[in-house]
Engineer: 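This is the structure, below, for whatever I ask next.
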Amino acid sequence: MATSRLSINVAGLTFQNPIVLASGTAGYGEEIAEVIALEQLGGLTTKAVSVEPRQGNPAPRVAEFDEGMINSVGLANPGLDRVKSEHVPWLARHLPRTRKLANVVGNSVADYARVVEELDACAGTPPHVAIDAFELNVSCPNVKAGGLEFGADPTSLTHVIAASRAVTHRPIFVKLSPTLPDVARAACVAVDAGADGLTLVNTLPGLLIDVERRRPVLGFGSGGVSGPGLLPVGVLATWRVSRAVKAPLIGVGGVARAEHALQYIMAGASLVGVGTAAMRDPSVPRRIMADLERWCEHHQVASISELIGTLEWKS
Ligand SMILES: Cc1cc2nc3c(=O)[nH]c(=O)nc-3n(C[C@H](O)[C@H](O)[C@H](O)COP(=O)(O)O)c2cc1C
């Protein structure tokens, strides 16, 4: 599947194609290696990594509805030490051609910086690189600053990125929420603070009710909505951010077909994340890559990068 037509250089890294598995939907790779040919992907984003292990939220954590999925996993993860000892070695050994992005979460600036610094120190060197880049999930509450999301407060956002920037030379992507009142402004703040790129978007808050029990369907109550309904939300956020910053973008949300990936690319994304659709059907990423290849051939597009930001719309 690796062809020069789909290969793309982003933030100094060559991706063999623009398709990247979205954080939280692919574990740390090993868990899904039997069902998805990971070595054919452009990239894989790990599940969140926090300093301490996180148990996550009570079950049920995931529920489906007609237009997508709602989850409240609560960023469950084994914590930094176990990720370093169990998952980093696997990533370094098994996926030499696929780019690996480590998704990072925290409740304080120091948390983010520690995870980035320690993962950076064990990320390895070619040909055994476990982590090529970082993705900061800034949709977490900053406990020390009153619980407002890092991404929603320019000062917190600047601090968390600057502290992470200071401890790694690897590219840093900052993942923003679609609920931000001005996503383009947050993207500018992120780039000014040292981010190399942005990921758009995280899930949208939602609530599903079990009417017989008159209770939320999810154990935690509310959750994050992902899947088909998120597609136009993510594409618009990508478009807005692409007009505000020059940095490369990863478009995520509702991608299930090559045509969806093309929408993100035309809106300004260099890479496209696939989450919910691949959880539902593991053959989806492979199909998207093959159909993208065919689409480019049919439209005489020599390099997928020619299509980035080619949407014709003067909003
Ligand atoms: C079960 C599940 C777990 C997720 N966990 C994370 C996470 O740990 N960190 C993160 O930044 N995003 C997380 N996300 C959000 C996805 O990476 C992605 O932004 C979102 O699902 C939209 O893409 P999709 O519609 O293709 O699923 C999670 C999504 C799902 C469905």
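Along the sequence shown, the residues carry numbers beginning at 1. Order of listing sets the numbers, starting from 1, for every ligand and every atom in it. Since the model is a prediction, treat every value here as computed from it, not as a measurement.
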Engineer: May I ask you to check whether over 12 heavy atoms, not counting those of Arg165, lie within 6.0 Å of atom CZ?
Structural biologist: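 Check passes, neighbour count above 12.
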Engineer: Between Ser305 and Ile8, is there a donor-acceptor pair closer than 3.5 Å when you use the side chain of the first and the backbone of the second?
Structural biologist: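 No; judged by distance alone, with no hydrogens or angles, the pair does not exist.
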Engineer: Under 4.0 angstrom from ligand 1, any heavy atom of Thr199?
Structural biologist: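 Contact absent.
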Engineer: Looking at ligand 1, is there an atom of it that comes within less than 4.0 Å of some heavy atom belonging to Ala277?
Structural biologist: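 Outside the 4.0 Å threshold, so no.
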Engineer: For Thr98, is there any backbone N or O sitting under 3.5 Å from a side-chain donor or acceptor partner on Lys100?
Structural biologist: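 Checking the backbone N and O of Thr98 against the side chain of Lys100, a donor-acceptor pair under 3.5 Å is found.
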Engineer: Could you pull out, from Ser23, Ala26, Ser226, the option with a heavy atom nearest to atom 28 (C) of ligand 1?
Structural biologist: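 Shortest heavy-atom distance from atom 28 (C) of ligand 1: Ser23.
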Engineer: Between the side chain of Arg170 and the main-chain N/O of Ile131, is any donor-acceptor distance below 3.5 Å?
Structural biologist: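 The answer is yes, because a donor-acceptor pair under 3.5 Å joins these two groups.
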Engineer: Treating Asn103 as the side-chain partner and Thr46 as the backbone partner, does any N or O pair qualify as donor plus acceptor under 3.5 Å?
Structural biologist: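 The answer is no, because no donor-acceptor pair under 3.5 Å joins these two groups.
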Engineer: Of all the atoms in ligand 1, which lie at a distance below 4.0 Å from a heavy atom belonging to Asn137?
Structural biologist: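 Those atoms are 9 (N), 10 (C), 11 (O).
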Engineer: For atom 26 (O) of ligand 1, grab the closest protein heavy atom and report residue, atom and distance to one decimal in Å.
Structural biologist: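 The closest one turns out to be Gly275 N, 2.9 Å.
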Engineer: In the single-linkage hydrophobic clustering (I, L, V, M, F, W, Y; side-chain heavy atoms under 4.5 Å), do Val255 and Val225 co-cluster?
Structural biologist: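 No; tracing contacts between hydrophobic side chains, which count when under 4.5 Å, never links both residues.
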Engineer: Among all protein heavy atoms, pick out the one at the shortest distance from atom 31 (C) of ligand 1; state its residue, atom name and that distance to 0.1 Å.
Structural biologist: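 Nearest protein contact, heavy atoms only, for atom 31 (C) of ligand 1 is Asn71 ND2, 3.5 Å.
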Engineer: Please tell me whether Glu135 and Thr45 have a donor and an acceptor in their side chains that are separated by less than 3.5 angstrom.
Structural biologist: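 Thr45 and Glu135 do not have a side-chain donor-acceptor pair below 3.5 Å.
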Engineer: May I ask you to identify the nearest protein heavy atom to atom 5 (N) of ligand 1, giving residue, atom name and distance to one decimal place in Å?
Structural biologist: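 The protein heavy atom lying closest is Gly24 CA, 3.3 Å.
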Engineer: Using heavy-atom distances only, which candidate in Val104, Leu230, Asn103 approaches atom 11 (O) of ligand 1 most closely?
Structural biologist: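 Nearest option to atom 11 (O) of ligand 1, by heavy atoms: Asn103.
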Engineer: Which of the numbered atoms in ligand 1 are below 4.0 angstrom from a heavy atom of Ala22?
Structural biologist: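 Here the atoms of ligand 1 in question are 17 (O).
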Engineer: Could you list which atoms of ligand 1 come closer than 4.0 Å to a heavy atom of Leu75?
Structural biologist: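 Counting from 1, the qualifying ligand atoms are 7 (C), 8 (O).
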Engineer: Relative to the heavy atoms of Gly254, which atoms of ligand 1 are at a distance of less than 4.0 Å?
Structural biologist: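 Answer, ordered by atom number: 24 (P), 25 (O), 26 (O).
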Engineer: CZ/Arg240 to OG1/Thr238 distance, rounded to the nearest 0.5 angstrom?
Structural biologist: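 Arg240 CZ to Thr238 OG1: 11.0 Å, rounded to 0.5 Å.
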Engineer: Evaluate Met69 for polar contact with ligand 1, using N/O atom pairs at a separation under 3.5 Å.
Structural biologist: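 No, there is no polar N/O contact under 3.5 Å.
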Engineer: State, to 0.1 Å, how close Phe134 and Val116 come at their nearest heavy-atom pair, and which atoms those are.
Structural biologist: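 Shortest heavy-atom contact: CZ-O, 3.6 Å.
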Engineer: Provide the number and element of each atom of ligand 1 under 4.0 Å from a heavy atom of Asn202.
Structural biologist: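 Taking each heavy atom of Asn202 in turn, ligand 1 has 11 (O), 12 (N), 15 (C), 19 (O) under 4.0 Å.
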Engineer: Enumerate the atoms of ligand 1 whose separation from the nearest heavy atom of Ala48 is less than 4.0 angstrom.
Structural biologist: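 Close to Ala48: 8 (O).
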Engineer: Which residue holds the protein heavy atom closest to atom 12 (N) of ligand 1, what is that atom called, and what is the gap in Å?
Structural biologist: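 For atom 12 (N) of ligand 1, the nearest protein heavy atom is Lys175 NZ, 3.0 Å.
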Engineer: Just to confirm my output: which protein heavy-atom neighbour is closest to atom 20 (C) of ligand 1, and how far is it?
Structural biologist: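 Of the protein heavy atoms, Thr203 CG2, 3.8 Å lies nearest.
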Engineer: Determine the interplanar angle of the Tyr112 and Phe150 rings, folded into 0 to 90°, and report it as parallel if under 30°, tilted if 30 to 60°, perpendicular if over 60°.
Structural biologist: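 Ring orientation, 0 to 90° scale: perpendicular.
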Engineer: Side-chain contact, heavy-atom cut-off 4.5 Å: Asn137 with Leu75?
Structural biologist: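 Yes; the side chains approach each other to less than 4.5 Å.
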Engineer: Side chain, backbone, both or neither: which part of Thr276 has a heavy atom under 4.0 Å from ligand 1?
Structural biologist: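 Contact part for Thr276 vs ligand 1: both backbone and side chain.
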Engineer: Would one find an N or O of Lys47, backbone or side chain, under 3.5 Å from an N or O of ligand 1?
Structural biologist: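 No; the residue has no nitrogen or oxygen that sits under 3.5 Å from a nitrogen or oxygen of the ligand.
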